[in-house]
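Written out below as structure tokens is the structure these notes cover.
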There are 2 protein chains.
Amino acid sequence: MQGSEVLTDIVIGMSDGLTVPFALAAGLSGAVGIDLRLIWIAGLAEIAAGSIAMGLGGYLAGKTEMDHYRSELKREYEEVDRVPEREREEVKEFFSNLGLSKDVQDKAVDEMTRDKDKWVEFMMKYELGLDKPDPERARKSAFNIGLSYVVGGLVPLSPYFFVSDGLTGLKVSAAITLCCLFIFGYFKSKLTGVHPLAGAARVMVIGALAAGCAFAVARLIQL
Amino acid sequence: MQGSEVLTDIVIGMSDGLTVPFALAAGLSGAVGIDLRLIWIAGLAEIAAGSIAMGLGGYLAGKTEMDHYRSELKREYEEVDRVPEREREEVKEFFSNLGLSKDVQDKAVDEMTRDKDKWVEFMMKYELGLDKPDPERARKSAFNIGLSYVVGGLVPLSPYFFVSDGLTGLKVSAAITLCCLFIFGYFKSKLTGVHPLAGAARVMVIGALAAGCAFAVARLIQL
């Protein structure tokens, strides 16, 4: 469970990290006669911006989830105190939706509502669909996503440091990045239970489309 | 429910759309003596790349969810046929985890496993936590996210079309974008049940940090 959360973060960060800086650099190298240094500056600025936006975005999402859980938990305790009959009805509704008979419904409701903590926990999970979030999750998630974005983003950008013109950089970058996207897509698909080769191809095609589109946009503006 | 899904998509797309192109343009305007046209090119290329990466990323996520649901559904039907006793055990485990008595557990299990479709549906939802996804969702989601990214991205970029140098553009862009991020953060927080002003401030601070960092990175490279 812990491991799968870290993997999810890495997938989120690296997915965009490989794609967007790749496409941006590709777009810029489509601008005729561009100074290579500008590709580095724009690329690194994008990686900085993207990793912070995604990392802190992940942090915010985690914090929001935690705040939401806490405020709903407080509300459920209040409701169980204030309108226990209505809350009992809601528990009963859950068991009746499962399709249990009246008799079993009533017994289950009696047992579920005997202990207040258990009752509230039940309402949180099955009425509201909320699991207790890990309070450390937001911080860890922000770090993992941000770092993965940086690592992912340096892959497509690095070739531009070793070539003498943008188009050569683009060719090397495209070769390396599309390979990486394929491998990345393969493992991502394995994790999510999709056919690995089909999933890998999809991820690679998205990267290629984004880069092609950025390239076309840059060329069009120059006309 | 439908409306809330569209809003979620808009929040996802606009959140990054407002932040990343804003930060990238800010970073580039930090590069001394940069041609404004390069900010437009890089900014529009980023918007093209980002909207496709996020839009198609959303499409892929939706498709993956659908594939995953279908393959798990097939597997549950097979398991109910092949090892019904073990599947009955799992249903029982669910009711025992709720804390129901042995007697009620057994009755509930008997009723739940009488109809195979109901049984499988129950396993999907409460053992695996999977709801049946909307088959149209992936396509709609891709479109909403991509479009929101474009709309969001044009906000911070547009001032650069009307000024004569990058730093002036940055000042106008920062003023407009930070206001928009605040307003956007306010409504986003209302949706997610966070304190609106605190949430709005957080979203704005993330945008400012990302832009500041991109600016610093671009300046550092130039030294």
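In what follows, chains are A, B, ... by sequence order, proteins preceding strands, each numbered from 1.
- Surrounding CZ of A:Phe187 are at most 12 heavy atoms belonging to other residues, nucleotides or ligands under 6.0 Å away.
- The number of heavy-atom neighbours closer than 6.0 Å to NZ of A:Lys118, taken from other residues, nucleotides and ligands shown, is above 12.
- Residues A:Ala45 and B:Gly27 come closest through the heavy atom pair CB-CA, 4.4 Å.
- Minimum heavy-atom separation, A:Ala218 to B:Ile41: CB-CG2, 3.6 Å.
- Annotation for A:Tyr77: atom OH counts as buried by contact number, over 12 foreign heavy atoms lying within 6.0 Å.
- Surrounding NZ of B:Lys92 are more than 12 heavy atoms belonging to other residues, nucleotides or ligands, all under 6.0 Å away.
- Ranked by heavy-atom pairs under 4.5 Å with chain B, the first of A:Asp115, A:Asp16, A:Leu56 is A:Leu56.
- When each of B:Gly129, B:Ser71, B:Gly50, B:Ala108 is checked for heavy-atom pairs under 4.5 Å with chain A, B:Ala108 comes out on top.
- Residues of residues 195-203 of chain B placed with any heavy atom under 4.5 Å of a heavy atom in chain A are listed by number as B:Arg202, B:Val203.
- A:Leu98 pairs with exactly one of B:Met112, B:Glu111, B:Glu121 by the side-chain contact (heavy atoms from CB on, under 4.5 Å) rule, that one being B:Met112.
- To the nearest 0.5 angstrom, B:Cys213 atom SG is 11.0 Å from A:Leu44 atom CG.
- Of all the heavy atoms in B:Ala48 and A:Val217, the pair that sits closest is CB-CG2, 3.8 Å.
- You'll find the side chain of A:Leu24 reaches within 4.5 Å of the side chain of B:Leu24, heavy atoms only.
- Here the closest non-hydrogen pair linking A:Ala53 and B:Ala210 is N-CB, 4.4 Å.
- Looking at B:Ile206 and A:Tyr59, their side chains never come closer than 4.5 Å, going by heavy atoms from C-beta outward.
- Both the backbone and the side chain of A:Ser101 come within contact range of chain B, each with at least one heavy atom under 4.5 Å from a heavy atom of that chain.
- Within 6.0 Å of the NZ atom in B:Lys107, the count of heavy atoms belonging to other residues, nucleotides or ligands exceeds 12.
- A perpendicular orientation is assigned to the rings of A:Tyr126 and B:Phe94, their planes being inclined by more than 60° (bins at 30° and 60°).
- Note that CG of A:Asp35 is 11.5 Å distant from CG of B:Asp35, once rounded to the nearest 0.5 Å.
- Between B:Phe95 and A:Val104, every side-chain heavy-atom pair lies at or beyond the 4.5 Å cut-off.
- Within 6.0 Å of NZ on B:Lys190 lie no more than 12 heavy atoms contributed by other residues, nucleotides or ligands.
- Only the side chain of B:Arg37 comes within less than 4.5 Å of a heavy atom in chain A; its backbone stays farther off.
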